[in-house]
Amino acid sequence: MSFVEYGDMIKDGDTAIVFLGHESMFPVKVQHGTVTQTKYGVIRHSTDLIGKKYGSKVTCSKGGWVFILHPTPELWTMNLPHRTQILYSTDISIITMMLELKPGSIVCESGTGSGSLSHAVIRTVAPMGHLYTVEFHQQRAEKAREEFREHGVEHLVTVTNQDVCKNGFGVSNIADAVFLDIPSPWEAIGHAKSALKAEGGRICSFSPCIEQVQRTCLAMEEYGFTEINTLEILLRVYNVRTISLQIPDLGKAAEDNSSTGFDSSNPSNQGSPCSNLQQGAVQFKSGVPLREMVGHTGYLTFATKSLF
């Protein structure tokens with residue numbers, strides 16, 4: 001099993017996603033002799049999972065059933081253990097696009113955190129690219145290394161435990177893109193510039209507070225970055241529903257006929273829409289926004305390393 005290569009069969013040691021519904025799923029490490037409890041009953045790994053195909057419908061001990069899904073960065077983002085606040089797919093998608101990531105790209109990241117963005121970046125730059133990720137907290141760095149190894153992507157990522165604001169990323173003039181998600185990103189802009197390739201590159205900084213954005217933009221300008229811009233992604237979901245609306249009463253047909261010269265005694269006018277107009281209701285599909293929406297997550301500041 002690998003987060004960047006799809007496998008058909010569930011094997012011992014895989015990380016799989018137990019899907020109970022769109023709002024209910026969780027990851028599980030597949031192991032011989034292990035059982036997993038769900039609200040529909042027990043799943044026995046040896047008989048119910050190992051050797052089955054990903055996407056299989058598995059019947060639990062109480063008669064209910066679940067689907068077993070192959071992990072993806074998107075599913076992992078929704079189900080990973082939170083060691084820190086994480087980035088979600090809405091922000092990750094625009095980061096991937098604006099940093100112009102592609103297979104073969106070299107990316108520097110700080111901090112690693114819970115690894116939500118890291119998994120998405122690794123999937124994007126595989127199979128020839130590489131991610132250099134720096135985490136200040138030692139235990140989080142060790143846990144990230146363990147997860148990358150379990151997920152079959154350790155050859156695509158290097159995890160370093162150090163302070164990026166003081167010691168940088170440990171690489172120079174090789175990165176196509178740099179991503180910063182730290183409390184004081186302005187202190188790491190110089191190291192980011194050193195890590196980026198000589199002929200240019202893109203940088204992104206994620207900050208929840210506008211004061212952080214202001215100081216970061218000033219530092220970017222000081223270090224010669226160009227095309228500096230900040231944006232915020234707000235996701236608004238619409239539900240498609242069938243709704244009913246009353247047909248308005250536009251007055252009696254006789255009054256309308258007299259004003260328009262309509263002759264109801266003329267046989268040729270029998271059966272016309274005006275003669276059959278009755279008050280009632282009509283149904284049609286409409287997009288209805290949710291009453292609550294996800295609000296502010298953070299500001300994304302992008303810039304380009306100057307060629308001069």
Side-chain angles (χ1 to χ4, degrees), residues 17-27 38-41 54-60 62-80 82 85-98 116-117 120 204 206-210 213 229-302:
I17 305 296
V18 180
F19 181 89
L20 292 83
H22 289 289
E23 303 298 328
S24 179
M25 63 184 89
F26 59 89
T38 75
K39 63 182 180 180
Y40 300 128
Y54 278 107
S56 296
K57 183 178 178 179
V58 174
T59 302
C60 304
K62 292 182 180 179
W65 48 267
V66 299
F67 288 106
I68 309 299
L69 305 181
H70 193 284
T72 65
E74 290 76 20
L75 289 175
W76 185 246
T77 291
M78 297 172 63
N79 295 282
L80 59 78
H82 285 226
Q85 290 291 330
I86 69 168
L87 290 173
Y88 289 93
S89 296
T90 307
D91 287 318
I92 290 174
S93 61
I94 196 71
I95 291 169
T96 302
M97 182 187 74
M98 295 293 286
S116 175
L117 176 67
C204 174
F206 176 91
S207 297
C209 302
I210 195 64
V213 174
N229 64 88
T230 298
L231 52 86
E232 179 185 26
I233 306 299
L234 299 177
L235 178 65
R236 189 176 189 185
V237 178
Y238 281 76
N239 282 340
V240 177
R241 298 178 181 175
T242 301
I243 63 174
S244 297
L245 289 179
Q246 288 294 120
I247 298 176
D249 184 0
L250 301 178
K252 295 181 180 180
E255 297 174 355
D256 295 339
N257 295 343
S258 61
S259 62
T260 59
F262 183 84
D263 184 3
S264 60
S265 61
N266 189 340
S268 64
N269 290 329
Q270 297 297 322
S272 65
C274 291
S275 64
N276 293 327
L277 182 62
Q278 295 180 353
Q279 188 174 4
V282 62
Q283 293 185 334
F284 60 93
K285 296 291 184 181
S286 177
V288 181
L290 301 181
R291 293 186 178 181
E292 296 181 358
M293 63 175 283
V294 178
H296 172 74
T297 56
Y299 300 103
L300 293 169
T301 300
F302 296 92

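In what follows, residues are counted from 1 in the order of the sequence shown.
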Counting distance only, does the side-chain N/O of [X] pair as donor-acceptor with the main-chain N or O of [Y] below 3.5 Å?
{"X": "Ser56", "Y": "Val58", "value": "no"}
{"X": "Ser116", "Y": "Leu87", "value": "yes"}
{"X": "Asn79", "Y": "Leu75", "value": "yes"}
{"X": "Ser93", "Y": "Ser89", "value": "yes"}

For a quick test of reading the model, state the closest non-hydrogen atom pair linking [X] to [Y] and the distance between them.
{"X": "Ile17", "Y": "Pro71", "value": "CG1-CA, 4.1 Å"}
{"X": "Gln246", "Y": "Ala281", "value": "OE1-CB, 3.6 Å"}
{"X": "Thr297", "Y": "Phe206", "value": "O-CZ, 3.6 Å"}

[X]: what forms a side-chain hydrogen bond (donor to acceptor under 3.5 Å, both in side chains) with it, not counting sequence neighbours?
{"X": "Glu23", "answer": "none"}
{"X": "Gln85", "answer": "none"}
{"X": "Thr301", "answer": "Thr230"}
{"X": "His22", "answer": "none"}

Partners meeting ring pair (Phe, Tyr, Trp, His ring centres under 6.0 Å) with [X] (sequence neighbours left out):
{"X": "Phe67", "answer": "Trp65"}
{"X": "Tyr299", "answer": "His296"}
{"X": "Tyr54", "answer": "His70"}

Suppose we screen for side chain to side chain contact (heavy atoms under 4.5 Å, CB included). Which residues come up paired with [X], at least two apart in sequence or across chains?
{"X": "Arg291", "answer": "none"}
{"X": "Val240", "answer": "Lys285"}
{"X": "Ser244", "answer": "Gln283"}
{"X": "Leu234", "answer": "Glu232, Met293"}

Inset, instruction - Go through the steps for Tyr238 and Leu290 under the test side chain to side chain contact (heavy atoms under 4.5 Å, CB included), then give the verdict. - result: CA-CA 6 Å; Tyr238 281 76; Leu290 301 181; over 6 Å; no
Taking the side chain as every heavy atom from C-beta outward, state whether [X] and [Y] have any atom pair closer than 4.5 Å.
{"X": "Phe19", "Y": "Val66", "value": "no"}
{"X": "Cys204", "Y": "Met98", "value": "no"}
{"X": "Thr59", "Y": "Tyr40", "value": "no"}

Inset, instruction - May I have the step-by-step check of side chain to side chain contact (heavy atoms under 4.5 Å, CB included) for Ile243 and Phe284, ending in yes or no? - result: CA-CA 6 Å; Ile243 63 174; Phe284 60 93; 3.8 Å; yes
Legend entry - Residue pairs fulfilling salt bridge (charged side-chain N to carboxylate O under 4.0 Å, His left out) with at least one residue in residues 65-77, sequence neighbours excluded: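 Qualifying pairs: Glu74-Arg123.
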Rounded distance [0.5 Å steps], [atom1] in [X] versus [atom2] in [Y]:
{"X": "Leu300", "Y": "Ile233", "atom1": "CG", "atom2": "CD1", "answer": "6.5 Å"}
{"X": "Ile86", "Y": "Leu117", "atom1": "CD1", "atom2": "CG", "answer": "10.5 Å"}
{"X": "Leu245", "Y": "Ser286", "atom1": "CG", "atom2": "OG", "answer": "8.0 Å"}

Legend entry - Atom CE of Met25: over 12 foreign heavy atoms under 6.0 Å: yes
